[in-house]
Amino acid sequence: MTILITSILIVSLFLIATERQTNINKAAVAVFASTVGWILYISFGSDFVMSQHSEGYLSFLNGLQHNSDAVKEYIARDLFLPYIGHAAEIVLFLLATMSIVGILHTNGCFDFLTLWVRTQNSKLLLWKLTTFAFIMSINLDNISTIVLMLTVTNAILPRTRDRMLYGSMVFIAVIFGGALTVIGDPTGLVLWNKGAITASSYTLSMALPCFTAWILPTLIVSFRLPDTVEIERPSLPYRGDDTNMKLWQRGLMFLVGIGGLWFIPTFSAITKLPPFLGALCVLSLLWIVNEMFNRTIFVQNRRLRIDDIPQRIQYNTIQQILYIIGVVLAVGVVTETGSMHWVSEQIDNIIGNVWIIGVITAIISTVLDSFATCVTMVSLHDITPADSFYAVNGAYWKVLSFSTAVGGSILGIGSISGVVMMQRQGIPLSWYIKHITPLTLLSGIIALTVLCIQLSL
């Protein structure tokens, strides 16, 4: 049965990697694999529990009679629920950040961005777009950031080819901006929630590699651009009847929403509570401010105007949430069979080098989603108390996280935000491979080398 459950995960990962060819939604595949895996696990629960968790099960019984119902109750309560908790921590954080972006955008708090970046200077436009995308993705999830930034990009650039090029560079900025902090990308959240990294140490280690991986390809592309680019005057959404907020009120809401997210690592360090609770706290505060500033509209039973940007963010995030739940549960059930422990031993015996493992991880994540790659590789090792690669803030965790970011940027399809970008901009995979992959591959190699030097010092 262990072989069957493990085979389901392997086939699922293959289907996730070939989503563009099979047209089977990766979220559906992940959810199916997780549900079938746990059904099979609990159906043969006695064998797994006695081989992998005999001490914990005997403690659970505490003198009660051993039977199939007791085994199922132990699996459901002591094995299954912790994985639900791990997935919920990530999901609730994404829901909070998605809602924050929705409230801010509905109230016009991002309207200034379209006016600020607008310029016919092609190089200046590129740096403005990518810089703001990099900064935004440090705080927000990649899906929300890429949808928002592509909307701004497409509002300014009328030509399809320009949209493809600038959209790709915005995507690179989003990927490595998200990799800079523990709250900027689900992979960082996985490691932070596991206790494998601390926020400050992680960011300090990732700063130089992330800036390198973003700035280098952007610099190369800027040298190739003509002096000017064709733009069109963007029309801002009507902000008369839908909201009566003033400029200072929008600025305050922006500060509460985006600035509040900066405080989440400090909040978690002080309170020792999960980061999603800090995100929910920021959301609730922003919600209250929103109600106060728009009190007249709500009293008159009118609604704020909602366009399709929050709806697109919501649609993509719901799929990502289901995908995250499926992957965490699917990898979890295979871990409970003992297969991951066996695989980790083989990797240590055959490879035994964290940098080679990092390169292999980057290669895998070029075609397999970076989140699935990260969760799978994270499950191979537990945190060790000794000073080693697998200790808290050890090299393994940081190399693993950055490698998945590099791999996700090489082909674009190794990241959910990359898939969203390619679909929205109409970018064929062949075009991306020809024009963007050489840049991301070069910058990825250099950035990984920089990280290697840093962690070796």
Side-chain angles (χ1 to χ4, degrees), residues 3-37 141-143 146-147 150 160-161 163-165 167-172 174-175 178 185-187 312-313 315-331 333-334 343 359-377 379 403-441 444:
I3 296 177
L4 177 59
I5 294 176
T6 305
S7 299
I8 291 174
L9 177 64
I10 294 173
V11 172
S12 300
L13 294 177
F14 175 78
L15 291 175
I16 290 172
T18 57
E19 180 186 25
R20 290 176 65 91
Q21 288 72 38
T22 61
N23 291 320
I24 300 176
N25 191 290
K26 63 176 68 177
V29 173
V31 171
F32 178 80
S34 63
T35 53
V36 172
D141 66 281
N142 290 349
I143 291 292
I146 195 69
V147 170
L150 290 182
T160 301
R161 183 174 178 82
R163 290 182 175 184
M164 293 167 63
L165 180 60
S168 298
M169 302 314 297
V170 165
F171 160 67
I172 294 174
V174 168
I175 282 287
D185 187 81
T187 56
R312 286 199 296 266
I313 293 174
Y315 175 76
N316 290 316
T317 305
I318 287 175
Q319 289 195 61
Q320 187 180 18
I321 285 171
L322 293 173
Y323 176 69
I324 287 172
I325 293 174
V327 169
V328 172
L329 294 182
V331 174
V333 69
V334 174
V343 172
V359 172
I360 295 174
T361 300
I363 294 173
I364 295 173
S365 59
T366 57
V367 291
L368 179 63
D369 178 75
S370 57
F371 179 79
T373 305
C374 180
V375 172
T376 304
M377 297 300 291
S379 65
S403 296
T404 55
V406 171
S409 68
I410 290 178
L411 297 180
I413 60 175
S415 167
I416 297 179
S417 57
V419 174
V420 171
M421 182 273 299
M422 296 175 78
Q423 290 175 345
R424 288 209 59 194
Q425 304 303 91
I427 299 178
L429 181 59
S430 57
W431 184 93
Y432 190 94
I433 293 175
K434 179 179 179 181
H435 295 89
I436 306 299
T437 296
L439 302 178
T440 54
L441 183 60

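None of these values were measured; they are calculated from a predicted model. The residues of the chain are indexed from 1 along the displayed sequence.
Separation of atoms CG (Asp185) and OG (Ser417) is listed at 7.5 Å; rounding is to 0.5 Å. Between atom CD1 of residue Ile416 and atom CZ of residue Phe371 there is a gap of 8.0 Å, rounded to the nearest 0.5 Å. Taking CG of Leu329 as the reference point, atom CD1 of Ile324 lies at 11.5 Å (rounded to 0.5 Å). The CD1 atom of Ile360 lies 12.5 Å from the OG1 atom of Thr373; values are rounded to the nearest 0.5 Å. Atom CG of Leu368 is separated from atom OG1 of Thr18 by 10.0 Å, given to the nearest 0.5 angstrom. For the atom pair CD1 of Ile436 and CD1 of Ile427, the computed distance is 7.5 Å after rounding to the nearest 0.5 Å.
Between the side chain of Thr437 and the backbone N or O of Ile410, at least one donor-acceptor pair lies under 3.5 Å. Using a distance-only test at 3.5 Å, with no hydrogens or angles considered, a donor-acceptor pair links the side chain of Thr366 to the main chain of Ile363.
Taking both residues in full, the closest heavy atoms of Ala372 and Leu13 are given as CB-CD2, 4.2 Å, listed atom of the first, atom of the second, then distance. Between Met164 and Pro428 the shortest heavy-atom distance is CE-CD, 3.9 Å.
Contact annotation: the side chain of Val367 approaches that of Leu411 to within less than 4.5 Å [non-hydrogen atoms, C-beta and beyond]. Residues Val11 and Leu15 meet the side-chain proximity criterion, which asks for heavy atoms closer than 4.5 Å. Here the side chains of Arg163 and Thr160 are not in contact, with every heavy-atom distance at 4.5 Å or above. Using a 4.5 Å heavy-atom cutoff, the side chains of Phe32 and Ser12 are not in contact. For the pair Arg424/Val147, a side-chain contact is recorded, criterion being any heavy-atom separation below 4.5 Å from C-beta on. Trp431 has its side chain within reach of Arg161: a pair of non-hydrogen atoms, C-beta onward, lies under 4.5 Å apart.
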TODO: Check the pair Ile175, Val406 against side-chain contact (heavy atoms from CB on, under 4.5 Å), reporting the backbone distance first and the verdict last.
DONE: CA-CA 8 Å; Ile175 282 287; Val406 171; over 6 Å; no
TODO: Start with the C-alpha gap between Met422 and Ile413, add the side-chain angles, then the distance that decides, and say whether side-chain contact (heavy atoms from CB on, under 4.5 Å) holds.
DONE: CA-CA 8 Å; Met422 296 175 78; Ile413 60 175; 4.1 Å; yes
